[in-house]
Structure formats: structure tokens, C-alpha cells
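Please read these numbers as outputs of a predicted model, since none were measured by experiment.
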Amino acid sequence: MKVVLAKSAGFCFGVKRAVEKVYDQVANGKPPIYTYGPIIHNEEVVADLEEKGVRVVKDETELAQLSEGTIIIRSHGVGRRIQEKMEAQGLTVVDATCPFVKKIHKTVEAASEAGDTVVIAGDRNHPEVIGICGWSHTIPYVVSTLEEIETLPRTEKMTVVSQTTFNYKKFQELVEKMEEKGYHSSVVNTICNATQERQIEARTIAKGVEAMIVIGGKNSSNTQKLYDICKDECNQTYYVQTLVDLKTQCFPNVRSVGITAGASTPNNIIEEVHTYVRSKL
Ligand code: SF4
């Protein structure tokens, strides 16, 4: 009988830093306090902050109504125009963009300033990618499939970056395809190690257990990816937001269980699930 808890489960460096910045603003900042979008993909944390008076600003229309207080940019980051808009409206801006994402902004900004076409491997609807696009001076291209490589323009200079949570193997395939097609590109692998490490560990654990639990918010793309990876290796893989979800499932009678969690899952939720599973075996 064994329960294996992934060492990499839970908050990554960037998310931990962003959440801490919000709690710090609650204690010491200039109210009212806002976050531009939910600070993380975790309903429990967002609800707790809401109770403490932190309001989530959904979009630019809501942003336009604000004229005072503090607004926190979450770890995904935002485009330059949005950030400038916040400042122009007289808000105190606390930038909690993950430094790894900020590095992509700078790469894209500098490359596009030098006249490069920017190609981003990622999901065009993801806030992080929308934010990255917003730092390019030239029209950026977002690709996620080999077919989309065919649609890229023939330009002299290209800089390729990736969404931090993009799948490494897929990124390599896209880059290889671009090379095959004869594109002259400068490739910067901006996939975050925290994501890679979490995915590798999840796969290794899932291979060796009879059931696997993946904890994270339903809107968290990195948790969804973890689930897919685990499901590939272990048929009995469960995706839960909290212990309540797990309790409502008919948890199987197994001899070994692995547990991992997405980057926005707080430790207390992981601990609750861990304790519960241990008590069941
Ligand atoms: S996954 Fe990586 S890039 Fe994204 S917030 Fe966490 S540390 Fe930053």
C-alpha cells in the first residue's frame, strides 16, 4: 500500500510570488484592491481574497470604470497597452507578472523592434499568449499545429518563442518543421522548467501506480495537461478541484495512489487530499 505525493505538486515560483503580492497588498496596499483577471485558476483562493475585499476586474471595459486604488497584474502578465492604460487611469500598478513571462515580453519587444516577425508557439486564447502578443511591435503569429506553420509569411528574420506551459515535444516538432520549410529563425525556448519538471514527475509516478489524482482548478490549462499526461499512463486518473470532488467519486480499491497538482493549487488542498487518501488505504 503506498501513496506517492509529487514533490513538484502545487504552487510554482511565479504563482506563489503573485499570490503573496496580493495578500501583501491586502495588508499594506492602497484600497480598493483589484486583480486584473483572477490571480490564479483556483476558486478557493479567489473566494478567500474576495472576502478580504479584493475585486476581480474581468476585462478592459471594467478596467475603464476604475479611477483609484491598486491593481495587480497576475503571473500571466498583460500586454503593454493594458499596463499603460492602468497607469494612465491613475491606478497604482503592482506587476506580479512571473519573471519568466516578463523575459518573453522583453524578447518579443526587442525582436520586433529590430524588425523580426514574432512567432509564438502556444494557445492564442490563453491570457499569457494574449499578453505576450501585446509586447510585439510587429504582427505576431501564434501557432500550435504543424499545419499552422504553412500559413506563416516568408520573412527574412523571425524570432520564435513559446508559451511557458507549451509541450516541449510539440515545440521541437514545430521548430523542426520551420527548419524544413527553410525559415531563418532565431528560436528561444521559453518553456518554463517548473512545468516540465512537474509533467515529467507526474508521468513517472502515474506509470507506477494503480490510481492517480490530479488536483487543480477546472480552468487551469497546466492542470488539464497534467491530467492528460497521467491519463496516458494510468487509466484510473481523477481530476479533482478539492477533496469534496474526490469524495463524490467512487474511489477504487487500489494498492497504490499517486497525487500531483497544478501550479495554482494551494498546499492546504493538496494536504487535505493526501491525508484523506492515506486514511483510505
Ligand atoms: S509555470 Fe513557470 S512561468 Fe508560469 S508562473 Fe509558474 S514559474 Fe512562472
Any residue meeting ring-ring contact (aromatic ring centres under 6.0 Å, His included) with [X], in chain and number order, not counting sequence neighbours:
X    : answer
H274 : none
Y238 : F251
Y227 : Y239
Y23  : none

Side-chain touch [X]/[Y], heavy atoms, less than 4.5 angstrom:
X    : Y    : value
Q83  : E87  : yes
D24  : V94  : no
I104 : E128 : yes
Y141 : T151 : no
T165 : S221 : yes
M178 : L152 : yes
M212 : K231 : no
T97  : H105 : yes

Can you check whether [Y]'s main-chain N or O pairs, donor with acceptor, with [X]'s side chain at less than 3.5 Å?
X    : Y    : result
T265 : I215 : yes
E201 : A6   : no
S220 : A263 : no
T35  : I72  : no
T92  : T70  : no
T242 : V244 : yes

What's the spacing between [X] [atom1] and [Y] [atom2] if we round to 0.5 Å?
X    : Y    : atom1 : atom2 : answer
K21  : S75  : NZ    : OG    : 11.5 Å
I269 : E271 : CD1   : CD    : 12.0 Å
K7   : R198 : NZ    : CZ    : 14.5 Å

Q.
Go through it in stages, so that I can follow the logic: the residues are W135 and V118, the test is side chain to side chain contact (heavy atoms under 4.5 Å, CB included), and I'd like the CA-CA distance, side-chain angles, deciding distance and then a yes or no.
A. CA-CA 10 Å; W135 289 88; V118 170; over 6 Å; no
Q. Per the side chain to side chain contact (heavy atoms under 4.5 Å, CB included) rule, which among V214, V3, V240, V4 passes with I259?
A. V3
Q.
Show me the pairs that pass salt bridge (Lys or Arg N to Asp or Glu O under 4.0 Å) and involve residues 39-51, at least two apart or across chains.
A. D48-K52
Q. Can you list every salt bridge (Lys or Arg N to Asp or Glu O under 4.0 Å) pair that touches residues 209-226, not counting sequence neighbours?
A. E210-R255
Q: Flag the pair E173 and K177 as a salt bridge only when some basic side-chain nitrogen lies within less than 4.0 angstrom of an acidic carboxylate oxygen.
A: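 Answer for the salt bridge query: no.
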Q. Are there more than 12 heavy atoms of other residues, nucleotides or ligands under 6.0 Å from atom OH of Y276?
A.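 Yes - once you tally the heavy atoms of other residues, nucleotides and ligands closer than 6.0 Å, there are more than 12.
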Q. Quick check: are there more than 12 heavy atoms from other residues, nucleotides or ligands sitting under 6.0 Å from NZ of K16?
A. no
State, to 0.1 Å, how close [X] and [Y] come at their nearest heavy-atom pair, and which atoms those are.
X    : Y    : value
V57  : L63  : CG1-N, 3.6 Å
V46  : P38  : CG2-CB, 3.9 Å
Y34  : P32  : OH-CG, 3.3 Å
T190 : S162 : OG1-O, 2.6 Å
A202 : T260 : CB-CG2, 4.1 Å
P266 : N42  : CD-ND2, 3.2 Å

Q.
For T204 and K207: C-alpha separation, side-chain torsions, deciding distance, then whether side chain to side chain contact (heavy atoms under 4.5 Å, CB included) applies.
A. CA-CA 5 Å; T204 309; K207 265 184 194 164; 5.9 Å; no
Q) Does the side chain of N268 come under 3.5 Å of the side chain of E272 through a donor N or O and an acceptor N or O? A) no
(Q) If only side-chain N and O atoms count, and only distance matters, is there a donor-acceptor pair under 3.5 Å linking S8 with E197? (A)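 On atom types as modelled, these side chains do not qualify, holding no pair under 3.5 Å.
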Q. Who are the side chain to side chain donor-acceptor pair (under 3.5 Å) partners of Q241, not counting sequence neighbours?
A.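 Counting only residues at least two positions away or on another chain, Q241 forms no side chain to side chain donor-acceptor pair (under 3.5 Å).
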Q: Could you pull out all residues at least two apart from T155 that satisfy side chain to side chain donor-acceptor pair (under 3.5 Å)?
A: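 With neighbours one apart ignored, the set is T117.
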Q: Apply the test side chain to side chain contact (heavy atoms under 4.5 Å, CB included) to residues Y183 and V160: give CA-CA distance (whole Å), side-chain angles for both, the deciding distance (0.1 Å), then the verdict.
A: CA-CA 11 Å; Y183 286 106; V160 186; over 6 Å; no
Q.
My understanding is that only residues two or more places apart in sequence, or in another chain, count here; which of them pass salt bridge (Lys or Arg N to Asp or Glu O under 4.0 Å) with K30?
A.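 Checked K30 against salt bridge (Lys or Arg N to Asp or Glu O under 4.0 Å); zero matches.
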Name all residues meeting the side chain to side chain contact (heavy atoms under 4.5 Å, CB included) criterion together with [X]; count only those two or more places apart in sequence or in a different chain, and write none if there are none.
X    : result
R124 : V142, E148
D123 : N125, H126, Q163
P127 : R74, H76

(Q) Under the criterion side chain to side chain contact (heavy atoms under 4.5 Å, CB included), I'd like the reasoning laid out for L174 against I149: C-alpha separation, chi angles, the key distance, then a yes or no. (A) CA-CA 7 Å; L174 293 176; I149 300 290; 4.1 Å; yes
